[in-house]
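Data block below; observations after.
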Amino acid sequence: MRKQILLLLGVMAGFTAFSQNPATTFTIANRNITLPCGTSCTSINAKIPHIKQTTGYVVTNPAYVPFAYTTPTGTEVSSIYVDDTWSPVISLPFPFCFYGNNFNSLLMGSNSAITFDVSRAGNSSGYSISSTTGAIPNTAYAPNMIFGPYHDIDPSDPSANKKIEWRIEGTAPTRRFIASYNDMPYFGSSCTTPRATHQMVLYEATGIVEVYIKDKPFCTSWNSGLAILGMQNQTRTSAIAASGKNATVWGTAAMDSCFRFIPSGSTSRLKSAQLVVNGTVVATADTSTFAAGVLDLNFPNVCPTADSTAYVIRATFGQCTDPAQDVVFTDTVFVKRTAAPTATIVKTDATCTTVGSITVNATGGTTPYEFSINGGTSYQSSNIFNNLAAGTYNVRVRTVGSACASVVQQTTITLTDNLTLNAGNGSTICLGQTFTPAVTSNATSYNWSPTAGVSNPAIANPVLSPTATTTYTVTAALGSCTKTGTVTVNVAPGATANAGADAIIIAGDTYTLQGSGSAGTYLWTPSVGLSATNILKPVATPQATTTYTLNVTTPLGCIAADDVTITVVPYCIKPMEAFTPNGDGINDRWLITNGNCLKSATAQVFNRYGAKVFESNDYKNTWDGTYKGNPLPDGTYYYVISFELINSKKVSLKGSVTILR
């Protein structure tokens with residue numbers, strides 16, 4: 001049936017959408033991966049068209065992300081605002097691969113079709129679709145034809161936003177030819193309401209064809225509402241059609257669908273699929289195919305080192321027109337690590353009398369926090385740790401109950417030792433002497449060892465009385481701090497002094513003192529009557545009984561002293577020259593001494609004839625002038641006396657004594 005040709009009077013308007021070349025229209029479930037805190041690695045997965053040779057095709061249904069259906073700069077194909085017509089030849093800036101051949105030009109048809117058979121330029125494009133014999137492949141249609149979707153629309157009818165255009169977008173070798181049909185009226189007086197909007201996109205170097213359908217309601221009042229979505233080859237013996245859309249009734253307003261025709265010949269054109277960071281390849285994909293025409297890329301164990309990393313997925317294919325030349329497509333996945341909390345540490349060091357503390361201040365990560373000072377073995381909700389001894393602590397902070405922990409930070413509680421101790425100097429003492437040390441300290445307790453010879457081992461300055469040279473250790477304590485010091489007390493042998501035995505001398509006699517003692521210096525006191533005071537055995541001539549003290553000082557300063565008493569007895573030998581033994585009690589006895597300077601005396605008395613009239617070997621002033629009990633006659637008698645003085649000196653005297661009555 002002949003169809004009317006109407007001038008296009010509608011006002012063109014556009015719907016703008018954005019997409020990319022199909023090889024970069026990666027299907028990525030998660031383009032922004034956030035690693036939980038504590039998780040270091042992830043997998044990056046993507047799906048891309050599996051581009052092979054153009055000897056065959058598969059159809060997939062990617063997301064509906066059309067290009068703009070109308071643009072201000074697109075080339076409007078007004079030549080096909082005529083019913084059922086092929087356009088003049090449209091030259092392509094790049095060869096397009098289609099069913100094993102490369103084409104540099106094409107025709108657009110007014111019923112939403114493309115053919116690479118440019119010999120049909122300006123000729124009828126047909127419109128009829130048989131419900132029984134109209135399915136492709138079919139010689140009823142043009143060879144090397146894209147049905148996108150092919151149905152009986154009428155660009156000659158008016159429509160408010162009607163526009164058919166083509167344009168080239170992108171840069172080589174990833175350019176695309178976009179043929180858009182916007183707000184297209186349907187043919188037939190009974191189908192005046194429906195409007196169709198769709199586009200065909202041909203991609204350089206890949207041979208991929210996409211068909212985007214925004215609106216395609218069907219109208220069965222004309223041509224039975226049949227439509228075809230597919231492609232057929234030059235000989236019209238091989239074709240590919242979207243499922244259920246090969247000379248069938250289908251479609252709806254707001255269909256919003258995409259159909260991708262991907263070359264599926266025997267040989268893949270994939271050269272590599274890589275993961276790139278800052279221009280450096282960090283991984284090569286594991287590839288697999290679970291659905292026809294779709295290549296699954298898997299990058300396992302992607303372990304970013306930065307907090308946020310942009311991973312570029314780069315797929316490289318051989319161009320369909322020249323497999324030696326590459327066509328590269330990219331997309332980006334961002335991997336962000338959930339930051340662990342960070343810890344700022346404030347510490348208070350310990351002293352002898354106070355303990356230390358650690359305060360952990362956390363930032364970042366996820367609240368609430370909990371805190372550890374043992375490297376994460378245990379945690380507490382408070383960020384303050386008190387009563388800490390000196391030592392090194394491994395600080396961590398984490399989100400409560402999670403593995404999201406900061407790195408271990410070591411901090412050291414040091415002990416500020418404010419205990420002071422000065423044990424002072426030791427000393428040398430003489431045996432028997434004592435020493436009191438001069439310890440200075442701020443300690444609160446003390447302990448001396450050894451304890452022998454220590455008056456009180458629990459005080460700072462006890463009296464030390466060692467019997468031999470001893471090094472004492474004093475331990476001072478202040479809180480948790482202790483210090484030790486030593487005091488050495490050297491014990492020198494003591495001085496000895498012996499002034500000798502006491503002696504008795506007769507007045508006027510001399511006596512050599514018998515002093516003895518340690519080597520050193522000597523001093524006798526008093527000096528009266530001594531021949532010298534600085535020797536051990538001076539000669540003493542005291543006039544009266546005197547006690548002399550010998551002081552001995554050793555070279556080490558040890559001192560000893562001893563006393564000796566020299567008793568001076570007056571000379572007592574004085575025999576009486578006459579006595580009167582008449583019984584009157586006066587001078588009745590012959591006295592030969594008038595003191596006590598004698599030890600003993602032997603007395604003999606003779607008459608003038610030499611006869612012995614008296615004799616005593618221990619005379620005690622007792623002779624009464626008798627001989628054999630009879631008084632001797634008055635007269636002169638002669639005596640011989642032998643004295644032994646109290647100083648053991650012996651004296652003999654001879655003389656006469658007269659008896660008078």
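Everything numeric in this text was worked out from a predicted model, so none of it was measured. As a basis for the values below, the full set of heavy atoms in this structure was taken, side chains included, without hydrogen atoms, waters or symmetry mates.
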Residue pairs involving residues 135-155 (criterion ring-ring contact (aromatic ring centres under 6.0 Å, His included); sequence neighbours excluded): Tyr141-Phe147, Tyr141-Tyr150, Phe147-Tyr150, His151-Tyr186, His151-His198

Using a 3.5 Å distance criterion without hydrogens, assess whether the side chain of Gln319 forms a donor-acceptor pair with backbone atoms of Asp326. yes

Please check: side-chain N/O of Ser110 versus main-chain N/O of Pro155, any donor-acceptor pairing under 3.5 Å? no

How would you list all residue pairs meeting salt bridge (charged side-chain N to carboxylate O under 4.0 Å, His left out) that involve residues 119-146, not counting sequence neighbours? Asp117-Arg120

Suppose we screen for side chain to side chain contact (heavy atoms under 4.5 Å, CB included). Which residues come up paired with Ser243, at least two apart in sequence or across chains? none

What residue pairs, at least two apart or across chains, pass salt bridge (charged side-chain N to carboxylate O under 4.0 Å, His left out) with a residue in residues 283-307? Lys47-Asp296, Asp307-Arg337

Test: ring-ring contact (aromatic ring centres under 6.0 Å, His included). Region: residues 247-297. Which pairs qualify, not counting sequence neighbours? none

Measure from the side-chain N and O atoms of Ser238 to the backbone N and O of Asn233, and report whether any donor-acceptor pair falls under 3.5 Å. no

For Pro72, check side chain to side chain contact (heavy atoms under 4.5 Å, CB included) against everything at least two apart and list the hits. none

Report yes or no: does Ser308 contribute a side-chain atom to a donor-acceptor pair with the main-chain N or O of Lys336 at less than 3.5 Å? no

Pair Thr412, Thr392: side-chain N/O donor-acceptor within cut-off below 3.5 Å: yes

So, using ring-ring contact (aromatic ring centres under 6.0 Å, His included) as the criterion, who are the partners of Phe116 when residues are at least two apart? Phe96, Phe98, Phe103

Answer yes or no: is there a donor N or O on one side and an acceptor on the other, between the side chain of Asn223 and the main chain of Gly225, under 3.5 Å? no

Among pairs that include at least one residue of residues 95-114, which meet salt bridge (charged side-chain N to carboxylate O under 4.0 Å, His left out), considering only residues two or more places apart or in two chains? none

Short question: side chain of Ser402, backbone of Cys404 - any donor-acceptor pair under 3.5 Å? yes

For Ser180, does its backbone N or O pair with a side-chain atom of Lys163 as donor and acceptor, under 3.5 Å? no

Run the side chain to side chain contact (heavy atoms under 4.5 Å, CB included) test on Val82 and Ser156 for me, step by step, so that the C-alpha distance in whole Å, both residues' side-chain angles and the decisive distance to 0.1 Å come before the verdict. CA-CA 5 Å; Val82 178; Ser156 65; 5.7 Å; no

The disulfide (SG to SG under 2.5 Å) partners of Cys219 (sequence neighbours excluded) come to Cys191

Spacing of CE belonging to Met145 relative to CE belonging to Met231, to within rounding of 0.5 Å: 12.5 Å

If you round to the nearest 0.5 Å, how far is CE of Met200 from CG of Leu229? 10.0 Å

Tell me, please, which residues at least two apart from Ser382 pass side chain to side chain contact (heavy atoms under 4.5 Å, CB included). Gln380, Ile384

Applied to residues 129-139, the side chain to side chain donor-acceptor pair (under 3.5 Å) test, sequence neighbours excluded, yields Ser130-Thr132, Ser130-Thr133

Kindly determine whether Tyr99 and Tyr57 satisfy ring pair (Phe, Tyr, Trp, His ring centres under 6.0 Å), including the steps that lead there. CA-CA 9 Å; Tyr99 274 108; Tyr57 294 85; 4.9 Å; yes

Between Thr321 and Asn102: side-chain donor-acceptor atoms closer than 3.5 Å: no

About how many Å separate CD of Glu169 and OG1 of Thr71, when rounded to the nearest 0.5 Å? 7.0 Å

So, taking the atom named CZ in Arg167 and the one named CD in Glu76, what distance separates them when rounded to the nearest 0.5 Å? 13.0 Å

Taking the six-membered ring for Trp, are Tyr127 and Trp222 parallel (under 30°), tilted (30 to 60°) or perpendicular (over 60°)? parallel

Taking atom types as modelled, is there a side-chain donor on Thr342 or Ser406 under 3.5 Å from an acceptor on the other? no

Tell me, with the steps shown, if Asp256 and Lys214 meet side chain to side chain contact (heavy atoms under 4.5 Å, CB included). CA-CA 4 Å; Asp256 294 343; Lys214 180 178 183 292; 3.7 Å; yes

Apply side chain to side chain donor-acceptor pair (under 3.5 Å) to Asn278 and Thr280, showing your working. CA-CA 6 Å; Asn278 296 326; Thr280 300; over 6 Å; no

Using the side chain to side chain contact (heavy atoms under 4.5 Å, CB included) rule, take Leu92 and Ser105 through it: C-alpha gap first, then chi angles, then the decisive distance, then the call. CA-CA 5 Å; Leu92 296 173; Ser105 57; 5.5 Å; no

Let me confirm one number: the CG-CE distance from Asn161 to Met184, rounded to the nearest 0.5 Å. 9.5 Å

Any salt bridge (charged side-chain N to carboxylate O under 4.0 Å, His left out) involving residues 395-407? Give me the pairs, sequence neighbours left out, ordered by first then second residue. Glu370-Arg398

Go through it in stages, so that I can follow the logic: the residues are Ile48 and Thr27, the test is side chain to side chain contact (heavy atoms under 4.5 Å, CB included), and I'd like the CA-CA distance, side-chain angles, deciding distance and then a yes or no. CA-CA 6 Å; Ile48 59 173; Thr27 302; over 6 Å; no

For the SG atom of Cys258 and the OH atom of Tyr212, what is their distance to the nearest 0.5 Å? 4.0 Å

